[in-house]
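Working notes, structure below.
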2 protein chains.
Amino acid sequence: MTASTQQRTRHFCDTCAIRNRAICADLENQEIDLLNTIGRRRTLAPGEQLLWEGDEAVLVANVIDGVLKLSTQTSDGREQILGLTYPSDFLGRPFGETTPYGVEALTEAQVCVFERRDFDRFAREHPRLEHRLLERTLAELDRTRRWMLLLGRMNAEQKLAAFLLEMVDRLGVNSATDNGAALTLPLSRQQIADVLGLTIETVSRQFTRMKNEGLIDLPSRREVVILDRGALEDRAA
Amino acid sequence: MTASTQQRTRHFCDTCAIRNRAICADLENQEIDLLNTIGRRRTLAPGEQLLWEGDEAVLVANVIDGVLKLSTQTSDGREQILGLTYPSDFLGRPFGETTPYGVEALTEAQVCVFERRDFDRFAREHPRLEHRLLERTLAELDRTRRWMLLLGRMNAEQKLAAFLLEMVDRLGVNSATDNGAALTLPLSRQQIADVLGLTIETVSRQFTRMKNEGLIDLPSRREVVILDRGALEDRAA
DNA sequence: CGTACCTTTGATCTTAATCAATGCCAGTGG
DNA sequence: CCACTGGCATTGATTAAGATCAAAGGTACG
């Protein structure tokens, strides 16, 4: 909304926090200018939905700031979160007819959105961009497959430990990879359960157990302090 | 091995069964000739391994014939199958340092292999190929995410029903999408368990139950006849 | 034939789901 | 300022699904 006035500003991307990490990183200034003309910024409030599962795939986007979830539902309405996206990640289904999952902002988020058709055309004309997108998609596929191991073969404790470690890494918490790192979870207990394929009660019990065992501290519902990363890594097996 | 003599045959790809479906489909004859010089065919026996998890990523391949499994292991040695590949699928990790999963032939299989570095270079110089690879990778990511829902939220019956339906579709069984379709499973009970995140006993019990309920018939260990596809679809929910 | 492996079947146990309260805040309005 | 409300989260009791342990059947192959 605030972005609409800037839509054609020449140096729109110059101030972009993810300019050098997103799929647009390798583009020449001239190409960036062109990309500017088809993209626009959009701010999302927590809980706001960007894409709906099964809809025609009209939009794709780069995540500039915030965390969003990709999710799908079972026929009886339970949810499975398929992935989380963080700044510099790419979102949506280029070269596809329908959106394969819903996308919802978990925190306040800023995205750089494109009409899918515009983006598809631009990508086909700019192999450097398409290459970056390919690299990203391959990496995402690897990550997703590793997550399958978690869902298929790990117990509740291993799942939660792995989740917390992934959170620490992805949210880039300070505390120099060491103990004492404090993170603010962008997810509710229910959403964590939906990521891990568990119920909310099981997640809650595991949190309490880890706290009692001194692995973590829970100053508030949304905050976690990592007290013993090594032990957590052992639990994640 | 038998292929080595043909390595530089000009029309190597012309007789390729997947020439029009694999990532090489859009290439010009001239480009195909070039691709020929860096690729070679290889035949794999059932159980033979092509890539090892964690190894340096040296090879990528197109599947020409047969079924292969991609798998990873937990620290305590249990296996999780991450996916199955069928003719025209692409295999391996281009643009990556290490192979993220093991690859093993389930049936006798024929693949068209490339040194990863050769392939990477060729791909970067041929955007059409890279585009096909991107489309394939995006589709594979969608499929993998759908599988996550299965692993995270479905019970044993739903998992096996979905597995059988996927098998019918992917193996392209005759019987015109209808009942009576007979398929030969390329997987043992244990391997099916490893795909679905179950134990062999649970898989066996579900097979027996479906047979008793008249959904399927089991003429032999590796054969399944779909007697009531509709009911199976209901179970897969 | 006999052996070895895979599969099936049965009995029991464990884990996480389900069912059911209760507790804890944050925000609202009296 | 405090009591009320409603939405999460925690905790407890019970149940159910699938894992595990154990044994016996089949089938394939030498």
Side-chain angles (χ1 to χ4, degrees), chain A residues 45-47 69 74 76-81 106-107 149-164 184-213 216-224 235 237, chain B residues 45-47 69 74 76-81 106-108 150-164 184-213 216-224 235 237:
Chain A
K69 67 166 203 204
T74 57
D76 60 333
R78 287 172 307 154
E79 183 163 291
Q80 172 70 50
I81 294 184
L106 293 175
T107 63
L149 177 64
L150 200 85
L151 289 175
R153 288 286 179 224
M154 301 296 193
N155 64 27
E157 180 181 51
Q158 294 173 309
K159 286 179 177 179
L160 188 59
F163 170 80
L164 289 176
T184 302
L185 299 174
L187 297 90
S188 69
R189 293 289 185 270
Q190 181 60 61
Q191 287 168 336
I192 295 171
D194 292 336
V195 170
L196 300 177
L198 296 170
T199 59
I200 183 173
E201 294 96 330
T202 299
V203 171
S204 182
R205 282 185 243 271
Q206 291 299 330
F207 264 117
T208 310
R209 198 142 86 85
M210 285 184 183
K211 181 182 170 182
N212 291 339
E213 291 175 324
I216 59 173
D217 192 23
L218 300 168
S220 79
R221 289 179 168 185
R222 291 288 187 133
E223 285 171 300
V224 181
R235 306 289 170 106
Chain B
K69 68 166 203 203
T74 57
D76 60 332
R78 286 172 306 154
E79 182 164 290
Q80 173 69 51
I81 294 183
L106 293 176
T107 63
E108 172 149 313
L150 199 85
L151 288 176
R153 289 285 179 225
M154 302 297 195
N155 63 28
E157 179 182 52
Q158 294 173 310
K159 286 179 177 181
L160 187 59
F163 170 80
L164 290 175
T184 302
L185 298 174
L187 297 90
S188 69
R189 294 289 185 272
Q190 181 61 60
Q191 287 166 335
I192 295 171
D194 292 337
V195 170
L196 299 176
L198 297 170
T199 59
I200 183 174
E201 293 96 331
T202 300
V203 171
S204 180
R205 282 186 244 270
Q206 290 299 329
F207 264 116
T208 308
R209 198 141 86 85
M210 287 183 182
K211 181 181 170 181
N212 290 340
E213 290 174 324
I216 59 173
D217 193 21
L218 301 169
S220 79
R221 289 178 169 184
R222 292 289 186 133
E223 285 172 300
V224 181
R235 306 290 170 107

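In this text, all values refer to a predicted model and were calculated from it rather than measured experimentally. Numbers restart at 1 for each chain; the letters A, B, ... are given by sequence-line order, proteins then strands.
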At a cut-off of 3.5 Å, list every protein nitrogen or oxygen paired with a nitrogen or oxygen from nucleotides 16-19 of chain C, distance to 0.1 Å.
unit_1: C:dA16; atom_1: OP1; unit_2: A:A156; atom_2: N; d: 2.7
unit_1: C:dA17; atom_1: OP2; unit_2: A:T199; atom_2: N; d: 3.3
unit_1: C:dA17; atom_1: OP2; unit_2: A:T199; atom_2: OG1; d: 2.9
unit_1: C:dA17; atom_1: OP2; unit_2: A:T202; atom_2: OG1; d: 2.4
unit_1: C:dT18; atom_1: O4; unit_2: A:R205; atom_2: NH2; d: 2.9
unit_1: C:dC19; atom_1: N4; unit_2: A:E201; atom_2: OE2; d: 3.0

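With rounding to whole Å, B:K159 atom NZ is found 8 Å from D:dG18 atom P. Counting to the nearest Å, the P atom of D:dG18 and the CG atom of B:D194 are 17 Å from each other. Atom pair B:F207:CZ and D:dG26:P shows a separation of 19 Å (rounding to whole Å applied). Remark: P of D:dA28 and CZ of B:R222 are 11 Å apart, rounded to the nearest angstrom. In this structure, A:L160 atom CG and D:dA9 atom P are separated by 13 Å, rounded to whole Å. Between the P atom of C:dT9 and the CG atom of B:N212 lies a distance of 8 Å, rounded to the nearest Å. The distance from atom CD of A:E223 to atom P of D:dA9 is 14 Å, rounded to the nearest whole Å. For the pair B:L196 CG and D:dA17 P, the interatomic distance rounds to 18 Å; values are reported in whole Å.
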What verdict does the side chain to side chain contact (heavy atoms under 4.5 Å, CB included) test give for A:D217 and A:K211, after you've listed the backbone C-alpha separation in whole Å, the side-chain angles of each residue and the deciding distance to 0.1 Å?
CA-CA 5 Å; A:D217 192 23; A:K211 181 182 170 182; 3.9 Å; yes

Under the side chain to side chain contact (heavy atoms under 4.5 Å, CB included) rule, what do A:K159 and A:V195 come out as? Steps first, then yes or no, please.
CA-CA 9 Å; A:K159 286 179 177 179; A:V195 170; over 6 Å; no

Side chains of residues 197-207 of chain A: which donor-acceptor pairs under 3.5 Å do they make with residues two or more places apart or in other chains?
unit_1: A:T199; atom_1: OG1; unit_2: A:T202; atom_2: N; d: 3.4
unit_1: A:T199; atom_1: OG1; unit_2: A:T202; atom_2: OG1; d: 3.1

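Here the shortest heavy-atom pairing between A:Q191 and A:K69 reads NE2-NZ, 4.2 Å. When all heavy atoms of A:A162 and A:L150 are compared, the closest pair comes out as CB-CD1, 3.5 Å.
Within the 3.5 Å criterion, the main-chain N or O of B:E157 finds a donor-acceptor partner in the side chain of B:N155.
The base of C:dC25 does not come close enough to the side chain of A:R221 for any donor and acceptor atom to sit less than 3.5 Å apart.
Look at A:S220 and you won't find any side-chain N or O under 4.0 angstrom from OP1 or OP2 of C:dC25. Taking side-chain N and O atoms only, A:S204 has no distance below 4.0 Å to OP1 or OP2 of D:dT11.
Between B:I192 and B:L160, some side-chain heavy-atom pair lies under the 4.5 Å cut-off.
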